Amino acid sequence: MADPVEDELVASLARPGGNITGTTFLGPELVAKRLQLLREVVPGLSRVVALWHPGAYGERTMAHVLEGIEGAAQSLGMQLQLVPARSPDDFVSAFSAMTRDRAEAFIVMPSPMLFGEHKRIVDLAAHDRLPAMYQAREFVDAGGLMSYGANLPDLFRQIATYVDKILKGAKPADLPVEQPTKFELVINLKTAKTLGLNVPLPLQQLADEVLE
């Protein structure tokens, strides 16, 4: 989950309290950082689009996510446009809206649906020559420009230990919701070159992985 506390699934991360536990990838907290990193790769970025999935999470979490990116864009002096995609059927019209309104780049907001369609989103971005910041490295492995977020396979491995504990009698209420221990920045230099972008060397050195 992005934020199980905001979505009222658990009382707190440390003490879930009910019959639910698991992991959180801290989606809302990373939105502002992603926008800052995107600006380092796209100099002078002033018009950015946020591709988002209405209803991806609970109402309070979605409000938190949108407030976060709106505040970040304002602090960076960017003009932000929110483009919704409620299903994969909306992708073509969403990208048409981006190009029509002369977006200079876009950021993909946290959403299981958008993550599941990462290859198609990356292909559409390549077709329209739009730089993008993604939520997970899977987008970059598929040819996307860059990503910053938790390593999802690591979170899945943590879930396996919880399954083991629960099958042996542990109560979910007593198992804290696990948070990521590491966030990774992944950059695709081949995609950057195709887009005519020069990734600053200090940012390359900061990245956890640079794909060439």
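These figures come from a predicted structure and were not determined experimentally.
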Parallel, tilted or perpendicular: which describes the rings of Y134 and F139, with under 30° parallel and over 60° perpendicular? parallel

Calculate, to the nearest 0.5 Å, the distance between atoms CG and CG belonging to L76 and L45 respectively. 9.0 Å

Give a yes-or-no answer on whether the side chains of D3 and T61 include a donor-acceptor pair shorter than 3.5 Å. no

Of all the heavy-atom pairs spanning L203 and M146, show the shortest one and how long it is. CD2-CE, 4.4 Å

Hydrophobic clustering (ILVMFWY, side-chain heavy atoms < 4.5 Å, transitive) - are Y162 and V5 grouped together? no

What heavy-atom pair brings P4 and V177 nearest, and what distance separates the two atoms? CG-CG1, 4.2 Å

Can you find a pair of side-chain heavy atoms, one from Q158 and one from P180, that are under 4.5 Å apart? no

Within the supplied structure, the quantity of interest is the number of heavy atoms (other residues, nucleotides, ligands) at a distance under 6.0 Å from E59 CD; does it exceed 12? no

So, taking the atom named CZ in F95 and the one named CG in D128, what distance separates them when rounded to the nearest 0.5 Å? 7.0 Å

Any side-chain heavy atom of L197 sitting closer than 4.5 Å to one from P131? yes

Validation row: L152, R137 side chains within 4.5 angstrom (heavy atoms): no

Applying a strict under-4.5 Å side-chain criterion to I, L, V, M, F, W and Y, I'd like to know whether V186 and L206 cluster together. no

Just verifying a value: how many Å separate T23 OG1 and E178 CD, rounded to the nearest 0.5 Å? 8.5 Å

For atom CD of Q74, is the number of surrounding heavy atoms from other residues, nucleotides or ligands below 6.0 Å larger than 12? no

Which is it for E6 and Y57 under the side-chain hydrogen bond (donor to acceptor under 3.5 Å, both in side chains) test, yes or no, and what are the steps along the way? CA-CA 9 Å; E6 286 284 354; Y57 302 104; over 6 Å; no

Treating Ile, Leu, Val, Met, Phe, Trp and Tyr as nodes and any side-chain heavy-atom pair under 4.5 angstrom as an edge, say whether L51 and V92 lie in one connected cluster. no

If we only count heavy atoms from C-beta on, is the R47 to D101 side-chain gap below 4.5 Å? yes

Is the shortest side-chain heavy-atom distance between V140 and I187 below 4.5 Å? no

Let me check something: do L13 and I166 share a hydrophobic cluster, defined by ILVMFWY side-chain heavy atoms less than 4.5 Å apart, either directly or through other members? no

E184 side chain to E209 backbone, donor-acceptor under 3.5 Å: no

For R15, does the CZ atom sit with more than 12 other heavy atoms under 6.0 Å from it, leaving out its own atoms? no

Transitive ILVMFWY side-chain link M113 to M109, under 4.5 Å: yes

Say you draw a straight line from NZ of K190 to CG of L145; how long is it, rounded to the nearest 0.5 Å? 14.0 Å

Would you indicate whether R86, at its atom CZ, is surrounded by more than 12 heavy atoms from other residues, nucleotides or ligands within a distance under 6.0 Å? no

Backbone N/O of T194 and side chain of R129: donor-acceptor pair under 3.5 Å: yes

With rounding to the nearest 0.5 angstrom, report the CD to NE2 distance, Q135 to H118. 10.5 Å

Is the number of heavy atoms from other residues, nucleotides or ligands under 6.0 Å of N19 CG greater than 12? no

Which pair of non-hydrogen atoms, one from L155 and one from A150, has the smallest distance, and what is that distance? CD1-CB, 4.3 Å

Closest contact, heavy atoms only, A142 versus V122: O-CG1, 3.5 Å

Whether R157 and D154 form a salt bridge (side-chain N of Lys/Arg under 4.0 Å from carboxylate O of Asp/Glu) is what I want to check. yes

About how many Å separate CG of L189 and CG of L211, when rounded to the nearest 0.5 Å? 8.0 Å

So, does R39 use its side chain to make a donor-acceptor pair with the main chain of M78 at under 3.5 Å? no

E104 side chain reached by V48 side chain, heavy atoms, under 4.5 Å: no

Looking at L185, is its backbone amide N or carbonyl O close enough to the side chain of D208 to form a donor-acceptor pair, meaning the two atoms are under 3.5 Å apart? yes

Using every non-hydrogen atom in the two residues, find where G144 and N188 come nearest and quote the distance to one decimal. O-CB, 3.1 Å

Shortest non-hydrogen pair, G149 vs L30, comes out as CA-CD1, 3.9 Å

In the structure I gave you, are the side-chain heavy atoms of I20 and P172 within less than 4.5 Å of one another anywhere? no

Would you say W52 and L66 make side-chain contact, with heavy atoms under 4.5 Å? yes

